[in-house]
Amino acid sequence: MRYASMIFTLLLLLAVGIAPKAAARTAPSDTPAPPLRNRWSVALAFAPERSFLSLKAPADDSLLFLRRAHEQGRGGYNANLLAEYRLNQRLSVGVGVGVASVGAELRLAEVRTSSTTRFDTVRTTTTSTTQINPYSIRSVRDSVLTPIVNFDNQIIGFSYLPITRQDTVWTTIFSTATVTTATVTPIVTTRQERTARLLKPNYRFLTVPVLLRYRLGRATDWTASPTAPRWWADVAVGAQLQFFLGGTQATTTDGRTYRTERVGPRGGPFRPLNVALTGALALNYALTERLSASVAPTLRYQLESVYKTNTNLSQKPVATGVQLGLKLAF
């Protein structure tokens with residue numbers, strides 16, 4: 001508010017101090033100045049603008065480091081409805097109400113890493129055979145060949161004599177074992193995707209413009225003198241009180257992915273009240289005795305950062321544009 005009061009006081013002092021001098025220069029002593037008509041006027045103006053940004057921030061903040069390198073201004077607008085009062089042939093003061101938008105553009109490269117896991121299974125089959133030979137003993141009936149002798153101990157023949165004897169029985173057993181072993185090997189495939197995102201944060205303001213306008217060239221108005229040209233130029237300097245209405249800001253939670261989130265007039269890190277200096281050089285054309293049109297290159301510079309002091313951020317947008325306007329005098 002201190003800036004607003006200082007600027008308004010300066011405008012009043014300029015108006016009071018310059019007005020008599022301007023009147024003395026424009027009206028020779030032997031030629032009376034024509035009566036001043038249509039002191040009051042209402043002007044409606046709209047200016048598409050281009051913003052230029054510079055951000056000062058702590059060096060250890062990753063998002064703000066990227067913003068310093070990649071954030072730039074983009075298109076916005078400034079529109080207002082202004083009431084003016086002519087102090088004399090050249091000077092007028094005005095005050096009004098309007099809206100303004102400041103846009104930014106932030107190009108960020110995002111790296112996203114995705115991984116897939118595939119399990120490779122190798123099966124190995126091993127077969128082993130074991131031979132076992134157990135035995136058992138049993139009694140078996142058999143016969144043996146026995147000689148037959150006579151009384152003279154002469155062998156006269158043979159006969160089979162049944163006997164019982166012990167016999168060993170061997171058994172061969174084959175044991176086959178099959179073992180299957182599975183070896184599972186995880187195979188991880190990693191893929192990186194690099195994409196570019198375009199974030200468009202913006203700030204919106206309710207404005208109260210205050211200005212001092214000075215007419216260049218011939219001071220006589222066309223409505224007061226038919227010989228005066230319909231074209232004339234003027235220069236306007238002043239200030240805007242800017243009340244923050246809300247907008248969007250760039251944010252991140254992990255330092256890798258970014259997004260914009262909406263903030264309200266009191267819910268974000270933005271300063272609720274700001275002051276901007278304005279200037280314009282206008283070329284005007286009288287359509288009728290009361291209605292005129294104008295085109296004017298404009299410049300607006302914010303005195304304070306859009307961010308609050310406790311954020312340690314400083315950003316003061318500068319906006320240039322071409323203002324188109326209509327003014328109705330009465």
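Here the two rings, on F205 and F243, have centers that are 6.0 Å apart or farther. Checked against a 6.0 Å centroid threshold, the rings of W40 and Y85 count as neighbours.
When side chains are defined from C-beta on, D120 does not count as touching V184, because their heavy atoms never get closer than 4.5 Å. Counting only heavy atoms from C-beta outward, the side chains of P317 and V306 approach each other to under 4.5 Å. Taking 4.5 Å as the limit, some side-chain heavy atom of I148 sits within range of a side-chain heavy atom of S159. Residues L82 and L211 meet the side-chain proximity criterion, which asks for heavy atoms closer than 4.5 Å. Counting only heavy atoms from C-beta outward, the side chains of Y77 and S101 approach each other to under 4.5 Å. Y307 has its side chain out of reach of R271: every pair of non-hydrogen atoms, C-beta onward, lies at least 4.5 Å apart. Side-chain contact between V318 and L299 is present, with heavy atoms from C-beta onward closer than 4.5 Å. Looking at heavy atoms from C-beta onward, R218 lies out of side-chain contact with W232 at the 4.5 angstrom threshold.
Heavy-atom minimum distance, I155 versus P147: CG2-CB, 4.0 Å. Shown here for P265 and L245, the closest heavy-atom pair between the two residues is CG-O, 3.2 Å. Closest non-hydrogen pair, L326 versus A293, comes out as CD2-CB, 3.8 Å. Closest of all the heavy-atom pairs between R290 and N38 is CG-ND2, 4.3 Å. Looking at every heavy atom in both residues, K308 comes nearest to P272 through CE-CD, 4.4 Å. Taking each heavy atom of P209 and V97 in turn, the nearest pair found is CD-N, 3.7 Å.
Rounded to the nearest 0.5 Å, atoms OH (Y301) and CG (L277) are 8.5 Å apart. For the atom pair NZ of K327 and OG of S294, the computed distance is 7.0 Å after rounding to the nearest 0.5 Å. For the atom pair T298 OG1 and N78 CG, the distance stands at 7.0 Å (nearest 0.5 Å). Separation of atoms CZ (R230) and OG (S292) is listed at 11.0 Å; rounding is to 0.5 Å. Rounding to the nearest 0.5 angstrom, the gap separating the OG atom in S41 from the CG atom in L328 is 8.0 Å. Expressed to the nearest 0.5 Å, how far OG of S114 lies from CZ of R191 amounts to 4.5 Å.
Of the charged side-chain nitrogens involved, at least one lies within less than 4.0 Å of a carboxylate oxygen, so that R300 and E49 count as a salt-bridged pair.
For R39 (side chain) and R86 (main-chain N/O), a donor-acceptor pair under 3.5 Å exists by modelled atom type. Although no hydrogens or angles enter the test, the distance criterion places a donor-acceptor pair under 3.5 Å between the side chain of R90 and the main chain of R215. Judged by distance alone, the side chain of R50 and the main-chain N or O of G73 form a donor-acceptor pair under 3.5 Å. Remark: side-chain polar atoms of N274 are paired, donor with acceptor, to backbone N or O of S305 under 3.5 angstrom.
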Requested in this report: In sequence, state the C-alpha distance, the side-chain angles, and the governing distance for R204 and V99, and then conclude on side chain to side chain contact (heavy atoms under 4.5 Å, CB included).
Outcome: CA-CA 7 Å; R204 298 187 304 274; V99 291; over 6 Å; no
Requested in this report: Report the C-alpha distance between L87 and V93 in whole Å, list the side-chain angles of each, state the deciding distance to 0.1 Å, and finish with yes or no for side chain to side chain contact (heavy atoms under 4.5 Å, CB included).
Outcome: CA-CA 7 Å; L87 301 173; V93 293; 4.1 Å; yes
Query raised in the report: Can you check side chain to side chain contact (heavy atoms under 4.5 Å, CB included) on T183 and T124, steps first, answer last?
Result: CA-CA 8 Å; T183 303; T124 304; 5.5 Å; no
**Report entry** Step-by-step side chain to side chain contact (heavy atoms under 4.5 Å, CB included) determination, T117 to I187
**Finding:** CA-CA 6 Å; T117 303; I187 300 176; over 6 Å; no
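In terms of hydrophobic clustering, with Ile, Leu, Val, Met, Phe, Trp and Tyr side chains grouped at heavy-atom distances under 4.5 Å, V295 and Y285 are assigned to a common cluster. No single ILVMFWY cluster, assembled from side-chain heavy atoms under 4.5 Å apart, contains both F330 and L287. Following chains of ILVMFWY side-chain contacts shorter than 4.5 Å, one cannot reach L281 starting from W231, and the two form parts of different hydrophobic clusters. Cluster annotation: L273 and V208 are assigned to the same hydrophobic cluster (Ile/Leu/Val/Met/Phe/Trp/Tyr, side-chain heavy-atom contacts under 4.5 Å, transitive). Both V235 and L212 are members of a single hydrophobic cluster when ILVMFWY side chains are connected at heavy-atom separations under 4.5 Å.
Under the 3.5 Å distance criterion, with hydrogens and angles disregarded, no donor-acceptor pair is assigned to the side chains of Q249 and T260. A donor-acceptor contact closer than 3.5 angstrom links the side chains of N202 and T248. Checked by atom type, the side-chain pair Y203/Q242 shows no donor-acceptor distance below 3.5 Å.
Below 30°, between 30° and 60°, or above 60°: for F270 and F244 the angle between ring planes is between 30° and 60°, a tilted geometry.
The number of heavy atoms from other shown groups lying within 6.0 Å of NZ (K200) does not exceed 12.
For R213, the side chain to side chain donor-acceptor pair (under 3.5 Å) partners at least two apart in sequence or on another chain are E84, D234.
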